[in-house]
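Because only heavy atoms are used, hydrogens play no part in the values below, and waters and symmetry mates are left out as well, while side chains stay in. Residue numbering restarts at 1 for every chain, and letters A, B, ... go by the order of the sequence lines.
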There are 2 protein chains.
Amino acid sequence: MLDDIDRRMVETLVEDARISLKELAQRVGLSSPSASERLKRLEERGVIRGFTVDVDPAALGYTLQAIVRIRPLPGKLHVVQDLIQQIPQFSECDKVTGDDCFVGRLHIRSIDELDTILDRIADKAETSSSIVKAQPVKRRLPPLL
Amino acid sequence: MLDDIDRRMVETLVEDARISLKELAQRVGLSSPSASERLKRLEERGVIRGFTVDVDPAALGYTLQAIVRIRPLPGKLHVVQDLIQQIPQFSECDKVTGDDCFVGRLHIRSIDELDTILDRIADKAETSSSIVKAQPVKRRLPPLL
DNA sequence: TGCGCCGGTCGATGTCATCAAGCATTTTTC
DNA sequence: GAAAAATGCTTGATGACATCGACCGGCGCA
């Protein structure tokens, strides 16, 4: 699926996506045009969805994170989903199997803010929140086969 | 904390971190050197932690995702944490308050693989897994104040 | 009022991305 | 099994870009 050079390119770009093509090329042992061509194909194949920036929420004042499980009351599933999407402090949310229909990550500046946000959901769903104390595994790639 | 130009720079880079300085500059209405200077300071301030690539796990064969809650048995907390860190299919894991000590995201190619991985934890912790059916909120930034 | 600082522009210079041409190796086809 | 075609690479030329120094205007402050 990915050969060794592709893997090293992806791993290199995960560390610094704004590296020059020239440097990327020499790190994986290719010429710039070849690296450019491979990069283009990784994007075309959908392996690389895009290039982005890693922003630290804490540096923006969001010193707290919570993982919130949400179980909409009967008939409220769509309302709740819309509500979640409209609350920008949810930086991600998954719809999952099981009783807890949604699991989301909330970035907040205080416990107060958590309370305010959950109040908006409280009459449409049961919620269960856990404050993030540490991140033993920071965002990383699964193994590149 | 962030002025309007900073915000637009960050938002632009979230969309495409490999854009040229020149284009970034003209999108926010600055000259290239000014944009370069601001970018450098956003990194120095820790607002921007780095530039990275958005890899699609599905394109690598990881067509399934699970959210796993993990409650280590008494005395097993550190062993479990080490184990989680060593399992590369965990793309992220948070240590949280409450009974479920850890919440992680697992990328797997089949239900079989889920079973295999959870077996490695089973004698040290209780786990509760939910398969991700959809992602109503894809990874996004909290509001930039 | 005058001084110094901050954040900006402009223009020159060296680095980089990109394109076309060509080459070696592998795959396909008859 | 040999000719043809397709891959994937390199090199060198050209135009675009990042970066640096010099300079400028507005603002806070003694």
N/O donor-acceptor pair under 3.5 Å between B:Glu113 side chain and B:Arg109 backbone: yes
Path from B:Val96 to A:Val96 over hydrophobic side-chain contacts below 4.5 Å: yes
Donor-acceptor contact below 3.5 Å, side chain A:Thr97 vs main chain B:Ile131: yes
Proximal nucleotide (of C:dA17, D:dT19, D:dT10) relative to the A:Leu30 side chain: D:dT10
Interatomic distance, A:Asp4 CG vs D:dG8 P [rounded to whole Å]: 16 Å
A:Glu23 CD - C:dC16 P separation (whole Å): 9 Å
Value in whole Å for how far the P atom of D:dC17 lies from CG of B:Leu39: 17 Å
DNA chain C contacts made by residues 8-17 of chain B, counting heavy atoms under 4.0 Å: none
Rounded distance in Å - CD1 (B:Ile19) to P (D:dC17): 11 Å
Other residues, nucleotides, ligands: >12 heavy atoms within 6.0 Å of B:Lys76 NZ: no
Polar side-chain atom of A:Arg27 near backbone of A:Met9 as donor-acceptor pair, under 3.5 Å: no
Sugar-phosphate only, base, or nothing, as touched by A:Ser20 at under 4.0 Å among non-hydrogen atoms: sugar-phosphate
Closest listed nucleotide, where the reference is the side chain of B:Arg38 and the choices are C:dA17, C:dG7, C:dT9: C:dG7
C:dT9 phosphate, OP1 or OP2, under 4.0 Å from B:Ser34 side-chain N/O: yes
Nearest-angstrom distance from the residue atom CD of B:Gln26 to C1' of D:dC17: 12 Å
Nearest-Å distance for atom pair CZ/P, residues B:Arg18 and D:dA16: 19 Å
Flag side-chain contact, heavy atom, 4.5 Å: B:Asp3 against B:Arg38: yes
Whole-Å gap separating P (C:dC6) and CD (B:Glu44): 13 Å
Joint cluster assignment, B:Val132 & B:Phe102, ILVMFWY side-chain distance < 4.5 Å: no
Same apolar cluster (I L V M F W Y, side chains within < 4.5 Å links), A:Leu144/A:Leu30: yes
Rounded distance (Å) that lies between atom P of C:dT18 and atom CG of A:Leu21: 6 Å
Degree of bending in the helix from C:dT1-D:dA30 to C:dC30-D:dG1 once both end axes are built from five pairs, to 10°: 40°
Joint cluster assignment, A:Leu141 & A:Leu24, ILVMFWY side-chain distance < 4.5 Å: yes
Sugar-phosphate, base or nothing in reach of A:Arg41, heavy atoms under 4.0 Å: sugar-phosphate
Below 4.0 Å: OP1/OP2 of D:dC9 and any side-chain N or O of A:Ser31: no
